[in-house]
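Okay, so here's the structure we're looking at.
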Amino acid sequence: MMTTPHQTLANNEIIPLSLRGPAPVAVLVGYGFWLFLLSDILIFAALFATYSVLSGETAGGPSGAMLFDKKHVFIETACLLTSSFTCGLGALAIRRLDTMWAYVWMAATFLLGAQFLK
């Protein structure tokens with residue numbers, strides 16, 4: 001039996017694609033996820049390409065190493081990455097309905113975020 005892109009009613013009346021209604025939620029969520037992921041890939045590809053082309057071009061001005069303290073940048077990056085991890089652990093604790101650990105992980109996330117902003 002050959003399938004067509006049209007649905008039919010009991011009396012063989014064809015329903016056009018434009019009148020079938022919205023797509024299922026699972027299809028929309030999957031499509032939205034891939035669209036988001038591809039947009040992130042494009043943005044980061046553009047940023048990496050820009051960095052690779054312009055990293056040494058300062059027009060006689062100070063370089064990045066002269067402007068930023070590498071130790072401070074390392075500490076901020078470590079706080080940011082660790083806070084993402086603790087936030088994920090807090091979300092897992094919330095899903096398990098474990099109130100005490102949820103508060104512990106979210107408090108750790110808050111402290112790491114405050115350290116990042118310092």
Side-chain angles (χ1 to χ4, degrees):
M1 179 176 178
M2 191 168 117
T3 60
T4 63
H6 299 287
Q7 290 178 339
T8 59
L9 295 174
N11 59 358
N12 292 331
E13 182 181 333
I14 294 177
I15 302 171
L17 291 173
S18 61
L19 298 178
R20 287 193 202 171
V25 172
V27 171
L28 291 176
V29 169
Y31 180 72
F33 170 75
W34 285 108
L35 191 62
F36 165 74
L37 194 60
L38 289 173
S39 69
D40 267 9
I41 289 170
L42 287 174
I43 288 171
F44 279 102
L47 289 173
F48 285 131
T50 302
Y51 175 77
S52 67
V53 170
L54 299 176
S55 64
E57 305 300 321
T58 60
S63 67
M66 296 169 74
L67 293 174
F68 302 109
D69 178 22
K70 289 183 182 180
K71 181 180 176 188
H72 187 68
V73 170
F74 174 76
I75 291 170
E76 285 181 343
T77 303
C79 287
L80 188 64
L81 293 174
T82 308
S83 70
S84 295
F85 179 70
T86 58
C87 185
L89 290 176
L92 290 174
I94 290 169
R95 181 170 273 194
R96 287 190 324 262
L97 301 176
D98 191 350
T99 308
M100 184 195 75
W101 280 108
Y103 281 123
V104 167
W105 291 122
M106 290 304 168
T109 302
F110 176 79
L111 292 173
L112 288 165
Q115 178 63 34
F116 173 76
L117 293 174
K118 181 181 163 188

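FYI, side chains are in, hydrogens and waters are out, and symmetry mates aren't considered; it's all heavy atoms of this structure.
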What closest approach, in Å, do [X] and [Y] show between heavy atoms, and which atom pair accounts for it?
X: Phe116; Y: Glu76; answer: CD1-O, 3.3 Å
X: Ser52; Y: Ser55; answer: O-OG, 4.0 Å
X: Ala78; Y: Thr82; answer: O-OG1, 2.7 Å
X: Ala102; Y: Ala93; answer: N-CB, 3.6 Å

task: Run the numbers on Ser63 and Thr58 for side chain to side chain donor-acceptor pair (under 3.5 Å), then give the verdict.
output: CA-CA 6 Å; Ser63 67; Thr58 60; over 6 Å; no
[Y] reachable from [X] in the ILVMFWY side-chain graph, under 4.5 Å edges:
X: Leu89; Y: Met100; value: yes
X: Phe85; Y: Trp101; value: yes
X: Leu42; Y: Leu35; value: no

Euclidean distance, [Y] [atom2] relative to [X] [atom1], rounded to 0.5 Å:
X: Leu117; Y: Cys79; atom1: CG; atom2: SG; result: 10.0 Å
X: Leu111; Y: Met106; atom1: CG; atom2: CE; result: 13.0 Å
X: Cys87; Y: Trp105; atom1: SG; atom2: CH2; result: 12.0 Å
X: Thr77; Y: His72; atom1: OG1; atom2: NE2; result: 9.5 Å
X: Trp34; Y: Ile41; atom1: CH2; atom2: CD1; result: 8.0 Å
X: Lys118; Y: Ile75; atom1: NZ; atom2: CD1; result: 9.0 Å

Salt bridge present between Lys71 and Asp69 (N-O < 4.0 angstrom):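 Salt bridge: no.
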